[in-house]
Amino acid sequence: METFPIGAPRDDERLESKRTFEVGGVTLEIGTGFLKAGTRMPDQGNSRHPKREITLILEGEITTVSGNRTRKLRAGDIVTIPPGQEQHTVVHRDTSLLWMFFGT
């Protein structure tokens, strides 16, 4: 068993990777984030990740656009985005989140 602190950054807008694990040829990366209201990620256009993304909203409110779908997410909501799918997010209220990337 391993334990580690997971507290979300609060001082400024950022995402922070906390740990990366390898299990049976699959990588799992876990991180936290704090995003200020009025932020768009990325600043312009869309981003995409080579691994599946799962994000849990701990507090706040965002809208994520991905795969021709738009979803408003609040504390307690989870969004999962397949590898390679374009996405962008608009932050409506200061938001703390926990994110994970996993895949080969």
>> Please evaluate residues Glu29 and Ser17 with respect to the criterion side chain to side chain donor-acceptor pair (under 3.5 Å), reporting the C-alpha separation (whole Å), side-chain torsions for both, the decisive distance (0.1 Å), and the verdict.
In response: CA-CA 7 Å; Glu29 181 179 4; Ser17 178; 2.8 Å; yes
> Should Val79 and Val65 be regarded as members of a common hydrophobic cluster, given that ILVMFWY residues are connected when their side-chain heavy atoms come within less than 4.5 Å of each other, either directly or indirectly?
Replying inline: no
> Out of Thr80, Leu98, Ile81, which one pairs with Ile54 under the side chain to side chain contact (heavy atoms under 4.5 Å, CB included) rule?
Replying inline: Thr80
>> Is there a side chain to side chain contact (heavy atoms under 4.5 Å, CB included) between Leu28 and Met100? Walk through the geometry before answering.
In response: CA-CA 7 Å; Leu28 170 65; Met100 294 174 270; 4.0 Å; yes
> Same cluster or not: are Ile30 and Leu56 linked, directly or through other Ile, Leu, Val, Met, Phe, Trp or Tyr residues, by side-chain heavy atoms under 4.5 angstrom apart?
Replying inline: yes
> Taking the side chain as C-beta and beyond, is there a heavy-atom pair between Thr32 and Lys18 under 4.5 Å?
Replying inline: yes
>> For Glu61 versus Thr95, what's the shortest heavy-atom pair and its separation?
In response: N-OG1, 3.1 Å
>> Can you confirm whether the side chains of His92 and Thr63 place a donor and an acceptor under 3.5 Å from each other?
In response: yes
> Sub-3.5 Å donor-acceptor pair from the side chain of Trp99 to the main-chain atoms of Thr55, do we have one?
Replying inline: no
> Are side-chain heavy atoms of His49 and Pro83 found at a separation under 4.5 Å?
Replying inline: no
> After noting the C-alpha distance and the side-chain angles of Lys51 and Glu53, does the key distance pass the salt bridge (charged side-chain N to carboxylate O under 4.0 Å, His left out) rule?
Replying inline: CA-CA 6 Å; Lys51 298 180 179 171; Glu53 175 184 350; over 6 Å; no
> Roughly how far apart are Arg71 CZ and Thr89 OG1, rounded to 0.5 Å?
Replying inline: 13.5 Å
> Would a hydrophobic clustering, with Ile, Leu, Val, Met, Phe, Trp and Tyr connected at side-chain separations under 4.5 Å, put Ile57 with Val90?
Replying inline: no
> Mind checking whether Ser47 and Gln87 have side chains closer than 4.5 Å, heavy atoms only?
Replying inline: yes
> Do Lys36 and Val91 come within less than 4.5 Å of each other through their side chains, counting heavy atoms only?
Replying inline: no
> Among all residues two or more places apart in sequence or in another chain, which pass the salt bridge (charged side-chain N to carboxylate O under 4.0 Å, His left out) test with Arg19?
Replying inline: Glu2
>> Checking Glu22 against Thr27: is there a side-chain donor and acceptor pair closer than 3.5 Å?
In response: yes
>> Nearest 0.5 Å, please: how far is NE2 in His88 from OG1 in Thr64?
In response: 8.5 Å
> What is the minimum heavy-atom distance between Ala75 and Glu59, and which atoms define it?
Replying inline: CB-CA, 3.8 Å
> Please walk me through it: do Arg14 and Phe34 pass side chain to side chain contact (heavy atoms under 4.5 Å, CB included)?
Replying inline: CA-CA 6 Å; Arg14 65 181 189 215; Phe34 177 72; 5.8 Å; no
>> Test side chain to side chain contact (heavy atoms under 4.5 Å, CB included) on Leu97 and Leu15; report intermediate values, then the result.
In response: CA-CA 9 Å; Leu97 52 85; Leu15 301 175; 4.2 Å; yes
>> To check you understand the geometry: which heavy-atom pair defines the closest contact between Arg40 and Gln44, and what is its length?
In response: NH1-C, 3.5 Å
> How would you list all residue pairs meeting salt bridge (charged side-chain N to carboxylate O under 4.0 Å, His left out) that involve residues 76-90, not counting sequence neighbours?
Replying inline: Arg48-Glu86
